[in-house]
Amino acid sequence: MKRHPLEQIRNIGIISHIDAGKTTVTERILYYTGISHKLGEVHDGEAVMDWMQQEKERGITITAAATTCRWRNCMINIIDTPGHVDFTIEVERSLRVLDGAIAIFSAVEGVEPQSEAVWHQADRYRVPRIAFINKMDRVGGDFFAAVQSIREKLGARALPVQLPLGKEEDFQGVIDLISMKAYVWHAEDLGRTYEEVPIPEASLAEAEQYREALLEAVVEYDETLLEKYLSGTPLSREEILRAIRQATLGLHVFPVLCGSGLRNRAIQPLLDAVVDYLPSPLDVPPVQGINPQSGEVETRASDRNAPFSALAFKIQTDEGGRRLTYLRIYSGQITPGAQVYNTNRNTRERIARLWRMHANKRERLEWAGAGDIVAASGIKETLTGETLSDPDHPIRFEEMHFPEPVISIAIEPRSIGEQDKLLWALNKLVGEDPTFRVKSDEETGQLILSGMGELHLDVVIRRLLEDFKVAAKVGKPQVVYRETITQPARGVGRFFKEIGGKNHYGHVELLLEPLERGAGFRYQVSLPDEELIPPPFLPVIEESVRRSKEVGVVAGYPVIDVQVTLVGGSTHETDATELGYQIAAAQAFQDGCQQGQPVLLEPVMAVEIVVPEEFMGAVIGGIQARRGQVEQITSRQKLQIIDALVPLAAMFGYATELRSITQGRGTYTMRFSHYDRVEEREAHIP
């Protein structure tokens with residue numbers, strides 16, 4: 001296989017709200033670059049990238065799928081990510097390792113809740129993006145309204161580099177503001193070819209206006225071009241492209257293109273924009289990490305001759321339990337049979353084989369290097385977010401942060417004989433998905449599965465049956481609550497007892513203070529006298545407190561938004577032990593929680609409901625009946641968009657209710673917003 005120079009590699013993701021057309025656009029990219037020889041349609045269950053059986057049935061993307069294509073001598077590694085909020089982890093871990101992204105927006109809906117969420121995820125990782133306004137052929141499609149929604153809702157400097165040629169049913173192609181030419185696509189050959197035509201007289205003034213705005217925006221970031229522009233010297237196409245690229249890489253602007261994936265129009269210019277505007281591995285800053293031996297910060301630039309380093313960003317398990325570990329290689333190179341060092345676990349792993357992935361199909365590789373995104377088999381212990389490096393030059397990259405589950409269900413095998421098989425399968429799924437958790441309920445003996453939403457857990461249950469052939473009894477979904485305290489409190493724990501013929505002493509005093517919502521859990525030491533508790537016991541106390549916070553005093557849910565400070569205690573010359581301090585710390589934490597007026601917290605969801613105007617009153621009444629609070633109402637053509645905050649516990653069964661109220665014409669999406677106090681009248685819910 002040809003080894004592309006680093007400047008000819010693009011690692012990009014395709015991100016958006018559900019149903020904006022990510023997978024459809026990806027299918028066209030694969031078709032026009034020659035990777036696939038027929039157009040796979042999502043609605044027919046034939047999309048190459050939606051390869052899982054559940055994806056074909058549901059018509060949505062569930063797992064991020066990787067593929068590779070070539071365009072204008074560049075190798076483009078693409079990850080098609082899900083748009084549903086339940087699978088936000090797939091977007092998170094993809095953006096962590098990608099250099100650039102295409103954000104797709106519907107020309108009808110503009111910026112939607114999940115497109116807003118994934119945009120801000122990309123902001124967090126400083127990923128340069130281009131925007132593609134899809135579905136220009138749809139009734140109600142409005143390019144300029146979509147661009148304005150990007151500016152207003154995302155606070156982004158959206159910069160059109162194209163204008164649509166025609167709209168809705170008459171959408172034919174695009175006007176290129178750089179070359180000032182128009183392009184029309186041919187329907188007969190599924191959009192493979194297109195022709196250059198003059199810009200219609202009616203659109204010329206508007207095109208010139210937008211071209212001027214484009215030039216004014218990008219020359220700001222290039223002093224040489226700014227001088228030429230201000231002096232009235234015409235800029236060449238190459239100079240304009242370079243200026244747009246420079247401004248895009250600096251996250252100053254986000255080029256906006258448009259087209260119709262379903263109608264096969266304007267995909268080739270999108271590929272050109274990927275090559276022209278999005279970064280190669282050489283354009284992104286060197287990745288930073290910690291040397292686990294010295295503790296010092298080190299960097300690894302994209303250099304195939306440097307020591308090997310890579311991040312494992314995704315684990316995939318097939319029905320036979322075989323693991324594939326997806327790697328983004330940041331430096332160095334690797335071949336099958338090589339040994340690598342997991343700096344998170346202090347263990348060595350062996351690369352058995354390397355693969356270039358095309359959705360669920362594999363292309364065997366004999367070599368991979370910096371800038372590549374590949375899959376490796378043979379890696380047994382490494383999990384998502386862990387670093388693999390050259391054993392002689394270790395480095396550990398920053399770990400990923402995963403959202404906490406908000407919903408759970410009870411599950412048990414249909415027969416005792418299937419218990420071990422169920423546990424084995426669940427263990428494999430936990431290894432794949434960091435937002436999926438499994439724990440045992442000691443009271444009932446049942447296993448509790450926790451995830452990001454009803455769809456998330458439904459997909460897991462289906463995978464148990466279809467991929468791992470494990471049938472199980474499943475309970476109803478339950479909300480995952482949290483606990484916190486409402487006032488500062490001091491907790492004291494004293495333990496002095498003989499166990500196994502040995503005395504064990506411990507004495508700990510903790511100060512518990514409530515924090516603002518979303519602050520999490522903090523621990524610190526502030527002893528007035530360092531000799532009160534011997535230093536060797538301090539880590540034991542912290543570990544015991546962190547373990548104790550997983551079971552609160554109200555209903556046994558994890559404690560959040562609390563700061564715990566070790567403020568006092570005492571020791572014993574002969575009987576102080578780790579066990580004594582461990583038990584005393586747990587007692588002190590529990591005592592502090594009880595003294596701090598503990599309350600129950602429930603997950604609150606941000607819900608967006610889109611309904612025809614005539615049903616708005618009934619929908620708002622339904623939201624209020626579910627303890628919801630309407631935040632704002634906006635109009636979009638003949639539709640009303642209701643933004644509300646509603647407790648997750650009240651949202652079960654809402655899809656059926658909304659269909660009934662709106663005669664099937666209303667839709668809604670929701671995502672986790674925050675935890676809030678459960679009202680007294682609702683405290684019986686858990």
Side-chain angles (χ1 to χ4, degrees), residues 290-297 342-347 383 386 394 396 398-399 401 404 437 439-440 442 482-515 519-598:
I290 300 291
N291 184 318
Q293 295 173 349
S294 66
E296 295 180 357
V297 175
N342 182 322
T343 52
N344 298 82
R345 296 174 176 269
N346 193 24
T347 57
L383 295 178
E386 295 181 349
R396 182 168 62 242
E398 181 184 355
E399 294 186 32
H401 300 286
E404 290 294 315
R437 313 281 171 82
K439 71 174 184 178
S440 178
E442 294 180 3
R482 293 288 186 267
E483 298 181 20
T484 193
I485 58 172
T486 55
Q487 68 176 31
R490 197 177 183 102
V492 179
R494 296 178 186 273
F495 185 79
F496 191 28
K497 192 173 184 180
E498 181 184 326
I499 301 175
K502 181 181 178 182
N503 288 331
H504 294 271
Y505 176 88
H507 172 209
V508 173
E509 294 184 15
L510 301 173
L511 174 64
L512 278 67
E513 299 170 283
L515 297 173
F521 185 88
R522 300 175 191 162
Y523 178 87
Q524 61 185 16
V525 177
S526 182
L527 291 170
D529 184 347
E530 292 182 0
E531 295 182 2
L532 283 176
I533 300 175
F537 296 122
L538 296 180
V540 175
I541 294 171
E542 180 179 356
E543 184 184 348
S544 178
V545 169
R546 291 190 178 278
R547 198 162 50 240
S548 298
K549 77 177 177 64
E550 296 302 317
V551 183
V553 298
V554 178
Y557 291 102
V559 178
I560 62 171
D561 300 341
V562 172
Q563 177 169 287
V564 177
T565 307
L566 175 60
V567 294
S570 64
T571 187
H572 192 286
E573 282 187 22
T574 58
D575 296 335
T577 64
E578 288 191 1
L579 178 61
Y581 281 106
Q582 183 180 322
I583 296 173
Q587 290 175 345
F589 181 78
Q590 190 172 47
D591 182 44
C593 285
Q594 289 170 338
Q595 303 296 330
Q597 294 191 2

Side-chain donor or acceptor of Arg396 paired with backbone N/O of Thr343 under 3.5 Å: yes

Is a side-chain donor or acceptor of Asp575 paired with a backbone partner of His504 at a separation under 3.5 angstrom? no

Side-chain touch His507/His572, heavy atoms, less than 4.5 angstrom: no

Run the side chain to side chain contact (heavy atoms under 4.5 Å, CB included) test on Leu566 and Leu510 for me, step by step, so that the C-alpha distance in whole Å, both residues' side-chain angles and the decisive distance to 0.1 Å come before the verdict. CA-CA 5 Å; Leu566 175 60; Leu510 301 173; 3.9 Å; yes

A side-chain contact here means heavy atoms from C-beta on lying under 4.5 Å apart; do Tyr581 and Pro534 qualify? yes

To the nearest 0.5 Å, atom OG1 of Thr574 lies from atom CG of Asn503 at 7.5 Å

Which distance, rounded to the nearest 0.5 Å, do you find between the CD of Glu542 and the CD of Gln524? 11.0 Å

Tyr523 and its side chain to side chain contact (heavy atoms under 4.5 Å, CB included) partner, picked from Lys549, Gln563, Arg546, Glu543: Arg546

Can you check whether Ala555's main-chain N or O pairs, donor with acceptor, with Glu483's side chain at less than 3.5 Å? yes

Distance (rounded to the nearest 0.5 Å) between Ile560 CD1 and Arg522 CZ: 12.5 Å

Would you say that Phe495 contacts Thr577 through its side chain, given a criterion of any heavy-atom pair below 4.5 Å between the two side chains? no

Are there more than 12 heavy atoms of other residues, nucleotides or ligands under 6.0 Å from atom CZ of Arg437? yes

Any side-chain heavy atom of Thr484 within less than 4.5 Å of one from Arg482? no

Side chains of Gln590 and Ser548: closer than 4.5 Å at any heavy-atom pair? no

Do the non-hydrogen side-chain atoms of Leu512 and Gln595 ever get within less than 4.5 Å of each other? no

So, do Leu538 and Leu527 sit near enough that their side-chain heavy atoms are less than 4.5 Å apart? yes

How close do Gly568 and Ile533 get, counting heavy atoms only, and between which atoms? O-CD1, 3.7 Å

So, taking the atom named CD1 in Ile485 and the one named CD in Glu513, what distance separates them when rounded to the nearest 0.5 Å? 8.0 Å

Regarding Ser570 and Tyr505, is there a side-chain donor-to-acceptor distance under 3.5 Å anywhere? yes

Would you call Leu515 and Val562 a side-chain contact if the rule is heavy atoms closer than 4.5 Å? no

Heavy atoms only: give me the nearest Thr565-Ser526 pair and the separation to one decimal. CG2-CB, 3.6 Å

Rounded to the nearest 0.5 Å, the CD atom of Gln594 sits from the CZ atom of Phe589 at a distance of 11.0 Å

With sequence neighbours left out, which residue pairs that include part of residues 578-592 fulfil the salt bridge (charged side-chain N to carboxylate O under 4.0 Å, His left out) condition? none

